[in-house]
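Read the structure below first, then the notes.
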Amino acid sequence: MHEPEIPHDWQGQIASRIATLGQLEEYIELTSGERAAFEGEPVLSLAVTPCYAKQLSHPALRGTMVPSEHEKEPGSGELADPLGEEEHRVTPHLIHTYPDKVLFLATTFCPVHCRYCTRSRMVGKPADSLSLFGQTFQYIEEHTEIRDVLISGGDPLALTDSVLDGILSRLRKIPHIRVVRIGSKVPAVLPMRITDELCAILRKHRVWLSLHFIHAAELTPETKAACRKLSDHGIGMVSQTVLLKGINDDAQTLTDLFYGLLEINVKPYYLLQCDPVHGSARFRTSVEKGIELIRSLHGSISGLAIPQYVIDAPGGGGKVPILGVEQIRREGEDIVITNYEGKEYRYPDPGS
Ligand SMILES: *Cc1c(COP(=O)(O)O)cnc(C)c1O
């Protein structure tokens with residue numbers, strides 16, 4: 001196997017994404033089961049940037065990117081839209097679940113497709129045209145109770161500088177908006193996107209970045225340099241980590257990741273129980289396991305390195321912080337949790 005020659009700029013990397021079985025086999029050897037995953041229509045297509053594909057020999061990263069033949073079998077309790085976002089969709093691009101914050105889905109394009117993606121129903125699929133953002137800005141303007149806009153997708157940092165600057169400028173003209181965040185995995189999967197020009201735009205609009213990292217193996221010299229550059233430009237960064245079975249579900253792996261993030265000025269924010277999206281069974285740990293892990297970190301490592309463990313309540317109850325076993329109740333194959341409004345939600349969890 002020899003890796004193909006790929007342009008180093010970010011748009012060249014996107015244009016050369018690994019999207020087929022043949023391209024993937026230029027980087028790693030696949031098992032017959034993994035090859036079988038390419039037969040028929042996938043839930044989520046294959047997409048990996050060439051720079052991230054170079055690290056697929058690492059078992060953790062390989063596990064999150066390579067399709068599995070089991071993905072198409074819907075697991076018990078799994079949903080296409082596990083967070084009930086469609087029910088809270090108030091414009092074509094806006095999800096309003098919580099009172100004072102909204103989720104702005106600015107693009108369905110993402111440079112890589114994580115196999116456990118909570119938005120596999122829309123990621124990598126054709127989107128409505130950008131002109132429809134007008135309705136979204138109007139909704140945010142009219143709803144003066146909204147203070148915090150989280151722009152996500154897809155990955156908003158895959159938009160061009162001018163589109164991003166346009167969206168941010170428009171949001172910053174709305175007086176009641178106090179916080180603007182962007183959710184992104186770009187520093188891990190496309191670090192060359194973090195240019196001085198992009199940093200200047202993010203700084204101008206005082207954007208917080210909410211980054212997605214799952215393993216210390218993602219903290220390559222290029223990724224660390226990208227985060228340091230963002231930090232040098234004064235951009236606040238937090239990270240969200242999805243708890244993934246066999247990939248990062250042990251205390252040492254999480255500790256290495258969380259300290260690695262602090263060293264590049266990224267504050268671990270959430271450790272998320274994996275959403276029960278279609279095809280996610282192989283990634284989901286039990287909730288008891290998550291509780292045990294996060295408890296084991298408290299006291300043994302820097303408090304600054306510890307994120308909040310949360311379950312995003314299936315059906316749209318929002319994120320529920322889980323502090324201990326007292327807070328959960330087992331009913332058969334479900335865990336029952338209570339959200340901030342006192343309503344009960346069920347997370348499908350067959351146990352360990
Ligand atoms: C996660 C999320 C947010 C942001 O929640 P925080 O807990 O404030 O980070 C906002 N809206 C939706 C729909 C979300 O899923």
Side-chain angles (χ1 to χ4, degrees), residues 79-108 110 114 116-123 133 135-137 139-140 143-157 167-168 171 174 176-185 202 206-214 235-243 258 261 266-277 280 290 294 306-323 327 337-343 345-347:
L79 301 163
D81 174 23
L83 307 182
E85 291 180 336
E86 296 306 329
E87 275 169 54
H88 292 103
R89 197 189 271 265
V90 290
T91 77
H93 298 276
L94 202 68
I95 315 290
H96 195 179
T97 304
Y98 299 93
D100 90 332
K101 52 195 175 192
V102 285
L103 177 65
F104 184 164
L105 301 176
T107 173
T108 56
C110 203
C114 305
Y116 51 85
C117 180
T118 198
R119 292 200 193 97
S120 51
R121 70 183 189 283
M122 62 170 81
V123 165
F133 282 168
Q135 224 181 312
T136 295
F137 292 123
Y139 181 94
I140 299 171
H143 288 258
T144 52
E145 74 277 17
I146 300 170
R147 285 180 284 215
D148 178 358
V149 180
L150 170 55
I151 309 170
S152 185
D155 198 315
L157 295 189
I167 294 173
L168 294 169
L171 287 175
I174 306 175
H176 53 273
I177 297 308
R178 305 182 67 169
V179 183
V180 177
R181 310 187 242 179
I182 290 178
S184 177
K185 196 174 169 70
L202 299 177
R206 289 168 289 115
V207 171
W208 278 84
L209 289 183
S210 182
L211 304 176
H212 180 37
F213 285 104
I214 49 106
I235 292 143
M237 293 176 283
V238 298
S239 114
Q240 306 205 148
T241 298
V242 180
L243 181 60
F258 298 152
L261 289 169
V266 180
K267 163 77 183 96
Y269 175 46
Y270 282 148
L271 177 65
L272 292 147
Q273 177 68 17
C274 184
D275 294 327
V277 67
S280 62
I294 206 76
I306 304 179
Q308 173 82 62
Y309 175 49
V310 293
I311 303 179
D312 214 331
K319 295 177 187 74
V320 179
I322 303 293
L323 305 165
Q327 225 182 317
I337 51 174
T338 307
N339 82 343
Y340 68 100
E341 300 164 306
K343 290 192 198 145
Y345 290 85
R346 291 171 171 271
Y347 177 87

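The structure displayed is predicted, hence computed values, not measured ones. Start at 1 and go down the list; that is how both ligands and their atoms are numbered.
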Please confirm whether Arg181 approaches ligand 1 to less than 4.0 Å, judged on its heavy atoms. yes
Short N/O distance, under 3.5 Å, between [X] and ligand 1?
| X | value |
| --- | --- |
| Thr97 | no |
| Lys319 | yes |
| Tyr269 | yes |
| Gln240 | no |

Nearest heavy atom to atom 10 (C) of ligand 1 wins, so pick from Trp208, Tyr98, Phe104. Tyr98
Main-chain N/O of [Y] paired with [X] side-chain donor or acceptor, under 3.5 Å:
| X | Y | answer |
| --- | --- | --- |
| Arg119 | Gly153 | yes |
| Asp100 | Ile146 | no |
| Tyr98 | Lys319 | yes |

Using 30° and 60° as the class boundaries, would you call the ring planes of Tyr139 and His143 parallel, tilted or perpendicular?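 Parallel.
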List the residues meeting side chain to side chain contact (heavy atoms under 4.5 Å, CB included) with Arg346, not counting sequence neighbours, and say none if there are none. Glu331, Asp334, Val336
Tell me, please, which residues at least two apart from Ile294 pass side chain to side chain contact (heavy atoms under 4.5 Å, CB included).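 Here the qualifying residues are Leu271, Leu297, His298, Ile306, Pro307, Tyr309.
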Considering only protein heavy atoms, which is closest to atom 7 (O) of ligand 1, and at what distance to one decimal place? Tyr270 OH, 2.5 Å
